[in-house]
Amino acid sequence: MRIVLLGAPGAGKGTQCKRIVGKYSLAHMSSGDILRQERANGTDLGKEAQGYMDSGALVPDELIVAMMVKAINEGPSEGFILDGFPRTVNQASELDKSLAANGKKIDVVLNLEVNDQIIAERMGGRRSCPKCGAVYHLTNLKPKVDGVCDEDGETLIQRPDDNLDVVKKRLETYHEQTKPVVGYYKKSGVSVHDIDANHGADAVDVVICGILDKISAS
Ligand code: AMP
């Protein structure tokens with residue numbers, strides 16, 4: 001199964017991916033995680049992406065498309081779930097072209113819908129582990145010890161792009177450039193599921209598993 005997971009930053013894409021990848025044997029490909037890894041490794045791509053990421057803007061399409069096409073082509077041949085990519089209509093169409101060249105296509109799009117107010121609250125309280133990338137929340141998903149990662153004991157940080165001003169900019173970017181991707185897939189005939197993700201992660205997980213179970217069984 002080849003899945004695109006769409007939704008605003010903070011809609012819970014990463015959380016849902018972690019929950020479902022094992023169950024459906026999917027490779028999780030997060031463009032944000034790959035970019036953060038490139039930055040941590042000090043690569044040219046990482047350095048180029050830095051300014052865009054920290055200001056809440058999108059990294060240029062040509063860099064992202066090349067990076068993600070490479071990750072997909074080098075990844076496992078079975079299914080994948082794309083998290084954070086595509087984020088523009090141009091990225092979506094370039095992805096389609098690249099998959100078509102290998103006789104493949106996107107099978108299903110899951111679109112997590114959350115209102116902006118809830119996103120701002122979620123992201124303001126988000127804390128991340130700079131080492132393993134685990135994500136926590138000051139009130140909703142606390143680590144066992146305040147400020148410390150459960151996995152590796154690293155001190156948790158607020159990602160620079162999770163501060164309120166940058167979150168506002170990221171939401172603007174989402175509405176202007178990423179929301180039209182939903183329409184792109186609907187027009188192109190891919191099965192798109194709009195999912196109310198304003199509530200807890202467990203409720204969203206149940207809906208997603210219902211959709212994927214049906215597809216797996218058909
Ligand atoms: P994320 O963790 O998915 O919210 O991504 C963090 C940041 O990485 C975004 O705010 C963008 O600056 C950049 N980024 C991630 N994915 C993409 C993409 N598909 N296109 C452009 N920029 C991206």
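Each ligand, and each atom within it, is numbered from 1 in the order the structure gives. Just so it is clear, the values below take in all heavy atoms, side chains as well, and ignore hydrogens, waters and symmetry mates.
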Relative to the heavy atoms of [X], which atoms of ligand 1 are at a distance of less than 4.0 Å?
{"X": "F85", "result": "19 (N)"}
{"X": "Q91", "result": "18 (C), 19 (N), 20 (N), 21 (C)"}
{"X": "R36", "result": "2 (O), 6 (C)"}

> Do L58 and I64 come close enough that some side-chain heavy atom pair is under 4.5 Å?
Replying inline: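 With C-beta onward as the side chain, the pair stays apart.
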>> With a 4.0 Å cut-off on heavy atoms, is M67 in contact with ligand 1?
In response: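 The answer is no: ligand 1 sits nowhere under 4.0 Å from a heavy atom of M67.
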> Is ligand 1 less than 4.0 angstrom away from at least one heavy atom of A57?
Replying inline: yes
> Is there at least one pair of N or O atoms, one from D161 and one from ligand 1, spaced under 3.5 Å apart?
Replying inline: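 Not met; the criterion fails.
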Any luck finding a side-chain donor-acceptor pair between [X] and [Y] under 3.5 Å?
{"X": "D33", "Y": "H28", "answer": "no"}
{"X": "D196", "Y": "N198", "answer": "yes"}
{"X": "D96", "Y": "Y184", "answer": "yes"}

Any idea which part of [X] is under 4.0 Å from ligand 1, heavy-atom wise: side chain, backbone, both or neither?
{"X": "R39", "answer": "neither"}
{"X": "V59", "answer": "both"}
{"X": "L35", "answer": "side chain"}

> Could you go step by step and tell me if Q16 and D205 meet the side chain to side chain contact (heavy atoms under 4.5 Å, CB included) rule?
Replying inline: CA-CA 6 Å; Q16 291 303 326; D205 189 34; 3.6 Å; yes
> Taking the minimum heavy-atom distance to atom 5 (O) of ligand 1, which of M68, R87, M53 ranks first?
Replying inline: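 Heavy atom nearest to atom 5 (O) of ligand 1 belongs to R87.
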> Is it true that V69 and Y185 fall in one hydrophobic cluster, defined by side-chain heavy atoms closer than 4.5 Å?
Replying inline: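 Cluster IDs for V69 and Y185 match.
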